[in-house]
Protein chains: 2
Amino acid sequence: MRSTHTHSKKNQSLTKNQRIVLDLLQNSGEPLKAYFILDSLKKEGLNSPLQVYRALDKLVELGKIHKIESINSFIICNNSNCASNTAFTICERCGKVKEIKNKYLKDSVSDLVKDNQLEITRYNLEFYVLCKSCKIN
Amino acid sequence: MRSTHTHSKKNQSLTKNQRIVLDLLQNSGEPLKAYFILDSLKKEGLNSPLQVYRALDKLVELGKIHKIESINSFIICNNSNCASNTAFTICERCGKVKEIKNKYLKDSVSDLVKDNQLEITRYNLEFYVLCKSCKIN
DNA sequence: CTCTAAGTGTTATATTATTACATATGTAAT
DNA sequence: ATTACATATGTAATAATATAACACTTAGAG
């Protein structure tokens with residue numbers, strides 16, 4: 001048998017644009033805005049907003065990054081398997097964002113929506129907090 | 001004592017612009033976009049985006065309306081006392097938005113964040129669903 | 001090798017939101 | 001009533017965010 005019919009979804013390697021956008025978000029670790037990404041990657045050959053937005057769209061779709069709607073920013077995913085369900089804390093004072101990665105949260109939310117008779121397909125939760133260092137100062 | 005120092009916050013009546021924007025959202029009942037509101041209220045004398053955004057900002061601050069971040073839209077508040085905490089369902093198919101007004105949800109979330117050692121000041125929850133009529137068809 | 005889906009590059013444009021500044025209005029204290 | 005002050009208004013300009021349209025290229029399956 002000449003080929004192991006390996007179209008088992010194919011571990012789809014990223015394209016150049018997707019790669020450099022992902023790398024930037026990975027190295028940064030904090031939420032970045034599309035046009036900031038564009039400026040940062042001019043030297044890598046990204047010239048237009050659309051190139052950035054297309055890469056971002058794909059990465060969101062793959063669950064490798066998330067969009068934080070309330071600040072129009074994108075952040076590297078801190079979990080696995082959370083392509084659709086996201087939960088963040090956002091510091092009201094300094095703007096720092098953290099992804100909540102507690103599996104327990106997911107279960108809690110599942111219970112919560114079950115109790116409220118919601119049939120959710122996915123969710124996006126944004127919790128505004130006062131982060132530790134802001135609380136101290 | 002010469003004056004009953006009645007600056008008890010004053011039940012702040014709305015200004016004209018705030019009023020007509022609120023009325024439109026009230027009558028509509030569904031999420032509207034700022035520029036749609038502007039177009040709709042041209043005849044009422046609203047001429048610039050800023051007039052709309054200023055009214056919207058104030059109404060959000062007063063808790064009379066909410067912004068749904070993921071669709072850049074504003075919707076009349078369906079509850080009372082939820083100026084800061086909001087929860088919506090958004091149909092993935094038809095886009096229909098409903099505010100979740102169950103007090104139980106609020107308690108659940110409080111518990112949830114307590115258990116996760118979050119000190120939240122407010123939250124915005126967006127649950128994507130398939131609404132009844134979309135599920136049927 | 002050929003076909004096809006997906007991605008690219010580019011220009012133009014649409015959509016969403018804010019800055020800056022001069023003027024007007026409502027409310028409270030005098 | 002008059003002043004003082006915070007808040008709201010009107011307007012023009014512009015910033016920030018996002019998508020449409022179209023021609024071309026590339027990667028991978030058969």
Side-chain angles (χ1 to χ4, degrees), chain A residues 1-25 31-62 64-75 95, chain B residues 1-25 31-62 64-75 95:
Chain A
M1 169 199 305
R2 57 171 111 43
S3 108
T4 65
H5 77 306
T6 12
H7 40 270
S8 53
K9 206 53 133 195
K10 204 171 87 284
N11 198 349
Q12 201 155 19
S13 62
L14 299 177
T15 67
K16 172 180 157 278
N17 288 356
Q18 291 160 11
R19 185 82 256 159
I20 62 178
V21 169
L22 182 62
D23 284 348
L24 180 63
L25 284 165
L32 301 181
K33 287 170 170 278
Y35 277 73
F36 176 90
I37 293 172
L38 177 57
D39 288 342
S40 303
L41 296 179
K42 283 260 165 72
K43 53 184 177 307
E44 314 286 340
L46 285 196
N47 295 309
S48 85
L50 199 44
Q51 293 176 301
V52 173
Y53 280 108
R54 284 196 285 223
L56 289 171
D57 285 350
K58 190 64 185 182
L59 293 169
V60 166
E61 188 189 320
L62 295 173
K64 297 195 177 300
I65 66 173
H66 301 302
K67 180 173 189 183
I68 303 167
E69 296 288 354
S70 59
I71 52 174
N72 300 314
S73 300
F74 299 85
I75 192 169
Chain B
M1 169 196 305
R2 57 167 105 50
S3 106
T4 65
H5 74 306
T6 8
H7 35 276
S8 57
K9 210 52 139 195
K10 206 173 89 279
N11 199 350
Q12 203 154 21
S13 63
L14 299 177
T15 65
K16 171 178 158 278
N17 288 356
Q18 291 160 10
R19 184 82 255 158
I20 62 178
V21 169
L22 182 62
D23 284 349
L24 180 63
L25 285 165
L32 301 181
K33 288 171 169 278
Y35 278 74
F36 175 90
I37 293 172
L38 177 56
D39 288 342
S40 303
L41 296 179
K42 282 260 165 71
K43 53 184 175 310
E44 314 286 338
L46 285 195
N47 295 308
S48 84
L50 198 43
Q51 293 176 301
V52 173
Y53 280 108
R54 284 197 285 223
L56 289 170
D57 285 350
K58 190 64 186 182
L59 293 169
V60 166
E61 189 190 320
L62 295 174
K64 297 195 176 299
I65 66 173
H66 301 302
K67 180 173 187 182
I68 303 167
E69 296 288 353
S70 60
I71 53 173
N72 301 314
S73 299
F74 299 84
I75 192 170

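Here is the naming used below: chain letters follow the sequence lines, and residue numbers restart at 1 for every chain.
- Taking atom CD on B/Q51 and atom P on C/dT19, their separation rounds to 17 Å, with Å as the unit.
- Across all strands shown, D/dA21 pairs with C/dT10; the Watson-Crick or G-U wobble distances both stay below 3.5 Å.
- Distance, A/E69 CD to C/dT16 P: 13 Å, rounded to whole Å.
- When the C1' atom of C/dG7 is taken as reference, atom CD1 of A/I20 falls 13 Å away, rounded to whole Å.
- Atom CG in A/L14 sits about 10 Å away from atom P in C/dT8, given to the nearest Å.
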For nucleotides 21-27 of chain D, just jot down a letter per nucleotide in 5' to 3' order: B, S or -, based on protein non-hydrogen atoms under 4.0 Å. B------
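- Of the residues listed (B/L32, B/I75, B/L56, B/V21), the one engaging B/I65 in a side chain to side chain contact (heavy atoms under 4.5 Å, CB included) is B/L56, and it is the only one.
- Atom CG in B/L46 sits about 17 Å away from atom C1' in D/dA12, given to the nearest Å.
- Checked by atom type and distance alone, the side chain of B/K58 never pairs as donor or acceptor with a backbone atom of B/L14 at under 3.5 Å.
- Distances from the side chain of B/K58 to the nucleotides D/dA8, C/dT8, D/dT11 place D/dA8 closest.
- Across all strands, B/S48 comes closer than 4.0 Å to base atoms (heavy-atom distances).
- With rounding to the nearest 0.5 angstrom, the CZ atom of B/F74 is 7.0 Å from the CD1 atom of B/I37.
- Once rounded to the nearest 0.5 Å, the distance linking NZ of B/K67 with CG of B/D57 reads 8.5 Å.
- Of all heavy-atom pairs spanning A/L22 and A/K64, the tightest one is CD2-CD, 3.9 Å.
- A/K33 places a side-chain N or O within donor-acceptor distance of the main-chain N or O of A/I71, the cut-off being under 3.5 Å.
- Note that the OG atom of B/S70 and the CD1 atom of A/I68 stand 13.5 Å from one another [nearest 0.5 Å].
- DNA chain D is contacted by both B/N17 and B/P49; B/N17 maps to the nucleotide lying nearer its 5′ end (nearest heavy atom per residue).
- Distance B/D57 CG to C/dT16 P: 16 Å, rounded to the nearest Å.
- Atom CG in B/L38 sits roughly 15 Å away from atom P in C/dT18 (whole-Å rounding).
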Mind listing the N/O atom pairs, protein and nucleotides 14-17 of chain D, below 3.5 Å?
residue: D/dT17; atom: OP1; partner: A/K33; partner atom: NZ; Å: 2.6

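- Between the A/S40 side chain and the A/L38 main chain, no donor and acceptor come within less than 3.5 Å of each other.
- The shortest non-hydrogen separation linking A/Q18 to A/A55 is CA-CB, 4.0 Å.
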